[in-house]
Amino acid sequence: MRLHPATELVLLGCALLLVYGVPSPLIPAAVLICAVVTAAASPRVRFRSWLLTLVVLAGPMLVMVGIIQGLFYPGEQVEVLAEFGPAAVTVEGVALAIQLWLRVAAMVAVCALFAFGSDPTRAFDGLLTLRLPLSLAYVCAAAMSLIPLAQHRVRAALTARSARGWDTDRLLVRLRLLTGVLTGLLVTAITQLDQRHDALSQRGFGQAAHPTPARFYPQGAGQRGLRWGAVVGSALLVVASLAGLLPLPSATEILGVFDA
């Protein structure tokens, strides 16, 4: 049975809370693994597109933190593993790089999983179920609607260029066409959002005190319990971690075990 959109949003928020609230890299690593398994098993998510999104968004971050933190970590009281002239691989630098990248990768993974597995209507109804302000719910749903719009515009632009003789399979050609594609996408997005706002205003959007969801999503006590349990459980884990009651190793301690 598919989760209620409100449950999906709560689980997404709890995952992000754990990723950034617990200082151990084991938590973002676990969230990343769960996201990979869910994306591979979900019939609503195209695993290839999800994986490509993860690589494109988190890959450059891995290179950046690996170079800046892994090779040029500041400080004198550090444990040096290898030196290459002015650069030095240190335990502290590698540990910080791993921690930063795992957090970014886990964040991108769960957000992309929600974006590819849901749609603006479900997100809007979920936000309304969670009692968020109508204007905020509309902004979030409108932002999500830009994802399929961007995919459609990019495919259409590349197909049109290919029909005119451009070799769109080459990366350099795609990069040359990127400026024109993004310009057309921006103009289309602004035009559609303005037209949508006018249409919703004419239909009385925001006039009702309790808007009716666009669809009916069956939910029982189990899903409500799951939402409350996820919120309370993640909050307790973060509090326990900040209080030093959660015995999870840091990245430096994990590297020390491998080094030993």
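Computation of the quantities below employed the complete heavy-atom set of this structure, encompassing side-chain atoms and omitting hydrogens, waters and symmetry-equivalent molecules.
- Looking at heavy atoms from C-beta onward, L3 lies in side-chain contact with L226 at the 4.5 angstrom threshold.
- Shown here for G117 and R44, the closest heavy-atom pair between the two residues is O-NE, 3.8 Å.
- Hydrophobic cluster membership differs between L248 and I33, with clusters built from Ile, Leu, Val, Met, Phe, Trp and Tyr side chains linked at under 4.5 angstrom.
- Qualifying ring-ring contact (aromatic ring centres under 6.0 Å, His included) partners for Y20, counting only residues two or more places apart in sequence or in other chains: none.
- Counting only distance, with no hydrogens or angles, the side chain of S118 and the backbone of A115 share no donor-acceptor pair below 3.5 Å.
- The shortest non-hydrogen separation linking S234 to A230 is OG-O, 2.7 Å.
- Crowding of R46 atom CZ: a count of heavy atoms from other residues, nucleotides or ligands under 6.0 Å not exceeding 12.
- L9 is listed as a side-chain neighbour of F114, based on a closest heavy-atom distance under 4.5 Å.
- A continuous path of ILVMFWY side-chain contacts below 4.5 Å connects L242 to I27, so both sit in one hydrophobic cluster.
- Listed here is the closest heavy atom pair of M61 and L100: CE-CB, 4.5 Å.
- Between W166 atom CH2 and T159 atom OG1 the span is 15.0 Å, to the nearest 0.5 Å.
- Across all non-hydrogen atoms, the minimal contact from Q223 to T7 is OE1-OG1, 2.8 Å.
- At distances below 3.5 Å, at least one donor-acceptor pair connects side-chain atoms of W50 with backbone N or O atoms of A109.
- With rounding to the nearest 0.5 angstrom, the CG atom of L54 is 10.5 Å from the CG atom of L113.
- Residues L17 and L237 are not in side-chain contact: their nearest non-hydrogen atoms beyond the backbone lie 4.5 Å or more apart.
- Residues W228 and L236 are members of separate hydrophobic clusters, defined by side-chain heavy-atom contacts under 4.5 angstrom among Ile, Leu, Val, Met, Phe, Trp and Tyr.
- The two atoms that bring V45 and F116 nearest to each other are CG1-CB, 4.0 Å, heavy atoms only.
- Distance check, rounded to the nearest 0.5 Å: CG of L12 to CE of M107 gives 11.0 Å.
- How far CD1 of I98 is from CG of L62: 9.5 Å, rounded to the nearest 0.5 Å.
- Minimum heavy-atom separation, G21 to V238: O-CG1, 3.9 Å.
- Between R227 atom CZ and H4 atom NE2 the span is 6.0 Å, to the nearest 0.5 Å.
- Summarising the geometry, atom CG belonging to L26 is positioned 9.0 Å from atom CG belonging to L102; distances are rounded to the nearest 0.5 Å.
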